[in-house]
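Here's the structure we're looking at; comments come further down.
Chain letters run A, B, ... following the sequence lines, proteins first, then strands; residues in each count from 1.
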There are 2 protein chains.
Amino acid sequence: MDNKKATIKDVASHSQVSIKTVSRVINNEYGVSKITKSRVLNSIKALDYNPNKAAQGLRSKKSFLIGLVYDNPDKFYLSDIQSGVLETCAINGFSVVLFPCNYQKSELTDELIEFIKKTNLDGLILTPPISDMKELVKNLQLEIPLCVVSPGLLTSNPLWVSSDDFKASYDMTCHLINQGHRDIGFIKGHKGHGATQHRLDGYLNALSDNNIKIDDRNITEGDFSFDSGEIAAKKLLKNKSPKITAIFASNDAMAAGVMKAAHKAKINIPDKISLVGFDNSPTASQAWPSITTIGQPIKEMASYAAQILIDNISNKSEKKNVNKTFDSELIFRESVRKI
Amino acid sequence: MDNKKATIKDVASHSQVSIKTVSRVINNEYGVSKITKSRVLNSIKALDYNPNKAAQGLRSKKSFLIGLVYDNPDKFYLSDIQSGVLETCAINGFSVVLFPCNYQKSELTDELIEFIKKTNLDGLILTPPISDMKELVKNLQLEIPLCVVSPGLLTSNPLWVSSDDFKASYDMTCHLINQGHRDIGFIKGHKGHGATQHRLDGYLNALSDNNIKIDDRNITEGDFSFDSGEIAAKKLLKNKSPKITAIFASNDAMAAGVMKAAHKAKINIPDKISLVGFDNSPTASQAWPSITTIGQPIKEMASYAAQILIDNISNKSEKKNVNKTFDSELIFRESVRKI
DNA sequence: TGCTACAATGACAACGATATCTATTCTAAT
DNA sequence: ATTAGAATAGATATCGTTGTCATTGTAGCA
């Protein structure tokens, strides 16, 4: 076996061409005849040559690194995001550098800037709730392209992917109404998270459109965590004056919290109270009874986000309108009863 | 503001020294006077200089990249592993490149080799169940250091971190016995996963040491997934001949599966059956009733693994015996009843 | 004083690719 | 034939560091 790694020079002399020609082949540039190209490709295989990323990066001022920024307690969500980004980046020869963080930390912006500089990133992906921190995005003053995933609010950033949280939430609420529910409790997320408002609005609009009066006592706030769901459920189940027959939790983690609260209080789901969540996380399918919820193509979204970011980095696409909103899907399970 | 990024040259001329001296300061090498050093450090700050990783890597033949290989369905486990590795790597100026994979894929070894070459990794971390694939580890023929996390079996690899699964499992079984249980069902994991055997052995030895006869009908197999736990539980609860009063699932996901099966079958936990898991994942604390389980310092382990790997890469430590086994801890909750 | 030893510093090459510019060959149009 | 222009190929500088080796300065010692 070869003792050392083959370099572009070795390939060049092996295939009797200049190193520049090899470089052209590697980078799929014009100006290489088919014959030469195949000869070079053969040599590359024969010598088991892999371009040295450091050298490529040094010369072409790229790092082939994309940063993925997140602060999300939902490990399932995160896992999907990571897989999506990872796969697309791998295909395109990029590596992913993770940046977990705390969105409430005041130094976050500075840390992020520091990170980008140190790591020499070629591009950055922001996921919720970071994607909704307008101030941060503004202050980043990026010289590299940025893609924002699921920004709740309108974003000024040219690159984004998003999901139709409003419609999904609207449809789910209609579903509950169709099942005969009129007193529907709602557990919203915390401020600052873009999804919070959309999901709430979907619920509110569905009620209005069905001529159901909105009762503020039916709406309570969580922070997308299991515990906050349990606490919110206790409140909703205590304020029994408005006789709730169903609860719509803004995500599955909180829905699972609701389920625990119900179990504790010996309130049967779905007999006494129907329950729906949002996210289609394993939590929802593994609960007992399994929880009706809303599925979103998280991994696909992440993958798409990475793709448009990479296209932008490579200037491959000058096309506009690459941004995309992905459809959600209602997933019916055991936690809803018709009344 | 500066138009372009500062380079080592800029720092050198700013502080009136040679670039080599700046390099010495950056790399904490000997042979720089305190005065010079502080002057250089000042310039670095003043110019907001960050060394170019590509150039450093090219010259010193490093990539400052560490690969993290995993194929684990447990997102909570994975998240802890990632955080631990990430933090330590960040502190030491390394980035982490993820390599999710399918441990059953026959081309895995080749893919991994390809990945290492392409990415030019400086080091590699293998997590279960990959860490137990002896054949793969052997065939990797690595020229870079490798650290293996929680190898179930003895590993020939010089670098490893591990947990005392046997002892933890033994202790937990003793706890159940102390609570009066003698007919204890056990759901083991699948073959190939190192933890499977240790956890089973702990259970078996505890029974023997307490003069309890081992009943094979009490032992069933899962694959560490929720679904497999549910299926296994159905079996155990059906073969009711041996009158089980407790079930020990090899991990929390399977324990949660057991809980769902029990709910479905209207078997109350812990009144009819006590239940314990392994891993201290959120699943266990969020279940109702909450599940008694075993906690391991996963994040710490991962962090330590990254540290000894980096030390090895940097040749900082010629010390032996860096490997370490971490203690587990029993976490008592609501799913066990004294009988 | 003269010598050595060692700490501090610097000059310059080298890492492995790409960019720029130039040179050659080939084709087709005049 | 001649030549413009496209297609193809190569020579060489360059990216921003670190490695190697040489040089300088200074303290210690006989």
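Rounded to whole Å, the distance from CD1 on B/Ile19 to P on D/dT20 is 16 Å. The distance from atom CD1 of A/Ile8 to atom P of D/dA11 is 14 Å, rounded to the nearest whole Å. Residue A/Glu29 contributes atom CD, which lies 13 Å from atom P of D/dT8 at whole-angstrom precision. Atom NZ in B/Lys20 sits about 19 Å away from atom P in D/dT24, given to the nearest Å. Regarding A/Arg59, its CZ atom lies at a distance of 17 Å from the P atom of C/dC15, rounded to whole Å. If you take CG of B/Asn27 and C1' of D/dG16, they are 13 Å apart, rounded to a whole angstrom. What separates NZ of A/Lys61 from C1' of D/dT17 is a distance of 12 Å, to the nearest Å. Between the OH atom of A/Tyr30 and the P atom of D/dA7 there is a distance of 11 Å, rounded to whole Å.
Contact of A/Arg24 with D/dG10 (side chain to base): a donor-acceptor pair of N or O atoms is detected under 3.5 Å. Side-chain atoms of A/Lys9 and base atoms of C/dG16 include no donor and acceptor less than 3.5 Å apart.
A donor-acceptor distance shorter than 3.5 angstrom exists from the side chain of A/Asp71 to the backbone of A/Tyr103, with no hydrogens or angles considered.
Here A/Glu135 pairs with A/Lys138 in a salt bridge; the nearest charged N to carboxylate O distance falls below 4.0 Å.
Contact check for B/Val322 versus B/Asp311: no side-chain heavy atoms found under the 4.5 Å cut-off. When side chains are defined from C-beta on, B/Thr109 counts as touching B/Leu140, because their heavy atoms get closer than 4.5 Å.
Distance from the side chain of A/Ile26 is smallest for C/dT18 among the nucleotides D/dG10, C/dT18, C/dG16.
Not one side-chain nitrogen or oxygen of A/Thr7 sits closer than 4.0 Å to the OP1 or OP2 atom of C/dG16. In terms of phosphate contacts, A/Ser23 brings no side-chain nitrogen or oxygen within less than 4.0 Å of OP1 or OP2 of C/dA17. Neither OP1 nor OP2 of C/dA8 sits under 4.0 Å from any side-chain N or O of B/Ser33. A close approach under 4.0 Å does occur between a side-chain nitrogen or oxygen of B/Thr36 and OP1 or OP2 of C/dT9.
Closest-nucleotide positions on DNA chain C for B/Lys34 and B/Leu58 were compared, and the one nearer the 5' end corresponds to B/Lys34. Taking the nucleotide of DNA chain C with the nearest heavy atom to each of B/Ser60 and B/Lys37, the more 5' of the two is matched to B/Lys37.
Across all strands shown, A/Lys53 has no heavy atoms under 4.0 Å from either base or sugar-phosphate atoms.
No side-chain donor from either of A/Asn52 and B/Lys61 sits under 3.5 Å from a side-chain acceptor of the other.
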